[in-house]
Amino acid sequence: MKSDSQMKSDGQMSVRVRFAPSPTGFLHVGGGRTGLYNYLFARGNDGTFILRSDDTDAARSTDEFRVDILESLRWLGLDWDEGIEVGGPIETYRQSERLSRYQDVVAGLVADGKAYYSFATPEQLDQFRKETMAAGQAPSYDGRFEPTAEEAAARIAAGESATVRFAVPRPGQTTFDDVVRDTVTFDHVQVDDFVILRSNGTPTYHLASTVDDVDFGITHVIRGEDLLSSTPKHILLTEAMGAERATYVHLSLLMGPDGKKLSKRHGHTAIKAYRDEGYLADAMVNYLALLGWSPGDDNTVISLADMIERFDLSTVSKNPAIFDTGKLQWMNGVYIREMSADAFVAAVRPLVEGDLGRGLDDAELATLAEIAPLVQERAKLLTEAPAQVRFLFGDIEYDETSWDKTMTKDGAAEAVAGAAERLAVVETWSVEAVEETLRTMLVDLELSARKGLQPLRVAISGSSVSPPLFESITALGRDRTVARLNTAKVKMA
RNA sequence: GCCCCCAUCGUCCAGCGGCCUAGGACUCCGCCCUUUCAAGGCGGCAACGGGGAUUCGAAUUCCCCUGGGGGCACCA
């Protein structure tokens with residue numbers, strides 16, 4: 001099955017991994033992490049990262065989800081070498097387009113006696129499961145209600161519909177060495193004779209996924225722990241096809257802050273929701289990588305290149321990690337501060353324009369660039385930026401609490417009036433000149449920095465919280481600064 | 001009910017028989033810096049789930065218990 005092209009020059013089988021989401025939902029953070037681990041492993045081992053669409057469930061798959069998954073992956077920067085939209089040696093990477101291949105495999109399995117037509121009714125199966133469970137046994141269906149092969153063939157020939165089930169060999173057991181979980185064994189009495197082909201002729205997940213892993217030459221199946229107990233089915237199928245089993249790697253699942261399975265009620269689970277909230281892809285990737293893996297030393301902020309170099313599947317943690325946005329937020333702040341001012345302006349500009357409801361002209365863009373470094377230091381999320389720079393581009397509203405807290409204090413009126421007067425006549429408008437002017441004023445008026453400067457902040461920005469004052473005033477410009485000071489002065493009188 | 005997996009600070013990780021009076025990061029709390037808010041610096045609180053066993057020695061190995069998670073579909 002494995003072709004020569006998959007062999008590296010040193011004779012080692014080259015790594016081929018796949019990320020195979022099904023378009024029945026948005027790409028969520030757990031999926032993102034699984035994709036990332038596949039990506040890191042492939043990149044670090046000179047391997048091939050494949051994106052496949054496990055869309056055998058036509059009823060639940062939608063184009064909206066298909067698009068979301070691709071966009072989310074691209075946003076994260078997890079580019080794939082083969083698969084959806086980029087193509088490769090396989091004709092198609094969509095399972096919905098490989099139906100005949102699955103049907104052929106199933107036909108072969110039936111011919112070999114490794115699978116059989118099943119006519120058991122849902123009611124029969126239901127009752128069987130109830131009874132075996134009540135009897136303290138595993139509710140695994142073993143084909144006990146099925147007719148003989150000859151009879152089955154006759155009924156099929158007569159046009160009756162049936163599912164096809166894989167005949168799990170019993171007694172028996174399947175053991176495999178999972179890279180993160182070590183040796184795992186399942187007794188076949190725990191494994192159901194699972195359906196591989198539905199009565200409508202479409203394959204189930206187990207069949208399609210296994211056939212594809214074999215056909216695509218997947219060497220390492222890296223996926224969520226929810227599939228751990230399905231692995232015997234996949235191994236049995238693989239070997240029934242005469243193929244060699246892949247190496248399995250089951251990643252623990254992501255939990256919500258309450259330790260329960262991560263779900264909507266914990267907040268956003270969709271990757272793109274984080275983008276929209278103002279998270280940076282780099283921060284997200286860094287955070288996700290550390291949820292279950294560490295580079296081994298004390299580093300927590302680590303570049304993608306370093307991650308690739310140091311990532312090691314065998315050191316991935318076995319225990320489920322809680323997805324906690326607190327640390328993600330901190331990390332996002334770190335990444336925002338690391339951005340170049342240009343990159344930051346580019347990222348934040350649409351947000352600012354959206355907030356203003358209009359575009360920024362060149363002069364305003366220059367102002368934004370000027371203040372950008374100061375905003376970067378104060379933002380944990382890109383989406384916080386608009387509120388911080390709003391006073392530079394639009395009309396201000398006074399925050400009531402801020403006003404009451406500062407403008408009614410002793411010296412506030414004098415400071416505002418004095419600043420208006422002095423700033424109006426500053427010769428060269430610069431941060432240094434503004435600072436010098438105002439500091440001189442503080443001395444002249446015998447005001448502390450707190451008493452003399454805070455009122456100015458409220459006057460020009462509307463709030464007692466803003467980027468640093470001298471820079472803000474400088475960026476605002478002389479005319480508007482003086483106008484705002486005068487407006488405040490009138491309001492205070 | 002049955003099977004499988006997991007178990008170190010509130011959270012994410014380090015630790016792979018002695019280097020552990022258990023280390024780092026986030027959070028939280030002090031202090032410093034300071035025109036606000038941040039950022040930064042310094043310091044602090046905080047954990048090996050319980051019980052056996054092995055061993056000269058156990059967070060590290062084994063067993064049991066407890067707790068958490070996953071699975072048992074014509075979903076993936």
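To find a chain, count down the sequence lines: A is the first, B the second, and so on, and within it residues start at 1.
If you take atom P in B:G10 and the same atom in B:U34, they sit 36 Å apart, rounded to whole Å. B:A25 and B:G15 have their C1' atoms separated by 15 Å, given to the nearest Å. Between B:G69 and B:U61, the two P atoms lie 24 Å apart (nearest whole Å). Separation of the C1' atoms belonging to B:C26 and B:A59 is 23 Å when rounded to the nearest angstrom. Comparing the P positions of B:C4 and B:C65 gives an interatomic distance of 13 Å, to the nearest angstrom. Spacing of C1' atoms, B:U11 relative to B:C28, comes out at 12 Å, to the nearest Å. Annotation: B:G43 and B:C33 have their C1' atoms spaced 15 Å apart (nearest Å). Across the P atoms, B:C9 and B:G49 are found 7 Å apart, a figure rounded to whole Å.
The interatomic distance linking A:Leu253 (CG) with B:C12 (P) rounds to 14 Å, in whole Å. Taking atom CE of A:Met255 as the reference point, atom C1' of B:A7 lies 13 Å away to the nearest angstrom. To the nearest angstrom, P of B:U36 lies 16 Å from CE of A:Met407. Atom NZ of A:Lys409 and atom C1' of B:U36 are 13 Å apart (whole Å). For the pair A:His266 NE2 and B:U11 P, the interatomic distance rounds to 14 Å; values are reported in whole Å. Atom CG of A:Leu262 is separated from atom C1' of B:C12 by 15 Å (rounded to the nearest Å). Taking atom CE of residue A:Met133 and atom P of nucleotide B:C3, one finds them 12 Å apart after rounding to whole Å. One interatomic measurement links the two molecules: CZ of A:Arg457 to P of B:U34, which rounds to 15 Å at whole-angstrom precision.
The partner of B:G67, taking Watson-Crick or G-U wobble pairs whose two distances both stay under 3.5 Å, is B:C6. The partner of B:G1, taking Watson-Crick or G-U wobble pairs whose two distances both stay under 3.5 Å, is B:C72. Nucleotide B:C16 forms a pair with no other nucleotide shown, judged by Watson-Crick or G-U wobble geometry with both contacts under 3.5 Å. Base pairing annotation: B:G43 forms a Watson-Crick or G-U wobble pair with B:C29, both donor-acceptor distances under 3.5 Å. Remark: B:C48 base-pairs with no nucleotide; criterion is Watson-Crick or G-U wobble with both hydrogen-bond distances under 3.5 Å.
The pair A:Lys260-A:Asp258 does not count as a salt bridge, with every side-chain nitrogen at least 4.0 angstrom from each carboxylate oxygen.
Picking from B:C6, B:A76, B:G71 the nucleotide with the shortest atom distance to the side chain of A:Asn319 gives B:C6. Here the side chain of A:Ala449 is nearest to one of B:C4, B:A39, B:U35, namely B:U35. Out of B:U27, B:A38, B:A73, the shortest distance to the side chain of A:Trp330 is found at B:U27. Here B:C5 is the nucleotide among B:C5, B:C72, B:U36 with the atom lying nearest to any side-chain atom of A:Glu225. Of the listed nucleotides (B:C72, B:A38, B:G68), B:A38 has the atom at the smallest distance from the side chain of A:Glu377. Nearest to the side chain of A:Gln190, among B:C2, B:U35, B:A76, sits B:C2. Side-chain proximity of A:Ser294 to B:C74, B:U36, B:A14: nearest is B:A14. Distance from the side chain of A:Arg378 is smallest for B:A38 among the nucleotides B:G69, B:A38, B:C75. Checked against B:C4, B:U35, B:U36, the side chain of A:Leu469 finds its nearest nucleotide in B:U35. Listed candidates were B:C74, B:A25, B:C4. Nearest to the side chain of A:Lys327 is B:A25.
A:Ser118 comes within 4.0 angstrom of nothing in the nucleic acid, heavy atoms only. Residue contacts for A:Pro468: at a heavy-atom cut-off of 4.0 Å it reaches a base atom on one of the strands shown. Across all strands shown, A:Arg223 has no heavy atoms under 4.0 Å from either base or sugar-phosphate atoms. Among the atoms of the strands shown, none is found under 4.0 Å from any heavy atom of A:His250. Backbone-only engagement by A:Lys380 is indicated by non-hydrogen atom pairs under 4.0 Å involving sugar-phosphate atoms exclusively. Among the atoms of the strands shown, base atoms are found under 4.0 Å from some heavy atom of A:Phe470. Contact annotation for A:Leu374: no contact, since no heavy-atom pair falls under 4.0 Å across all strands. Residue-level contact check: A:Met331 touches neither bases nor backbone, having no heavy atom under 4.0 Å from any strand. Using a 4.0 Å heavy-atom criterion, one finds that A:Arg450 contacts the sugar-phosphate atoms exclusively.
RNA chain B is contacted by both A:Val195 and A:Gly292; A:Gly292 maps to the nucleotide lying nearer its 5′ end (nearest heavy atom per residue). Nearest-nucleotide assignment on RNA chain B puts the 5′-proximal partner with A:Leu228, out of A:Leu228 and A:Thr56.
With hydrogens and angles left out, the side-chain atoms of A:Arg457 and A:Ser466 include a donor and acceptor closer than 3.5 Å. In summary, the side chains of A:Asp55 and A:Ser96 do present a donor paired with an acceptor at a separation below 3.5 Å, with no hydrogens or angles considered. Side-chain contact check for A:Gln124 and A:Tyr141: no donor-acceptor pair (N or O, by modelled atom type) lies under 3.5 Å. Between the side chains of A:Tyr205 and A:Asp57, no donor-acceptor pair is found at a separation under 3.5 Å. No hydrogens or angles considered: nothing links the side chains of A:Thr92 and A:Arg101 as a donor-acceptor pair under 3.5 Å.
Side-chain N/O atoms of A:Ser199 and base N/O atoms of B:C74 include a donor-acceptor pair closer than 3.5 Å. Counting atom types as modelled, A:Arg181 pairs no side-chain N or O with a base atom of B:C5 as donor and acceptor under 3.5 Å.
Not one side-chain nitrogen or oxygen of A:Arg129 sits closer than 4.0 Å to the OP1 or OP2 atom of B:G71. Look at A:Arg165 and you'll find a side-chain N or O under 4.0 angstrom from OP1 or OP2 of B:C74. In this model, the phosphate group of B:G69 is approached by a side-chain N or O of A:Lys260 to a distance below 4.0 Å at OP1 or OP2. Contact annotation: A:Arg439 reaches the phosphate of B:U35 (side-chain N/O to OP1 or OP2, under 4.0 Å).
Side-chain contact between A:Asp54 and A:Tyr93 is absent, with no heavy atoms from C-beta onward closer than 4.5 Å.
The aromatic rings of A:His206 and A:His234 sit tilted, their planes meeting at an angle between 30° and 60°. Relative orientation of the A:Tyr117 and A:Phe119 rings is tilted, given thresholds of 30° and 60° on the angle between their planes. Between A:Tyr279 and A:Tyr274, the ring-plane angle classifies as tilted under the 30° and 60° cut-offs.
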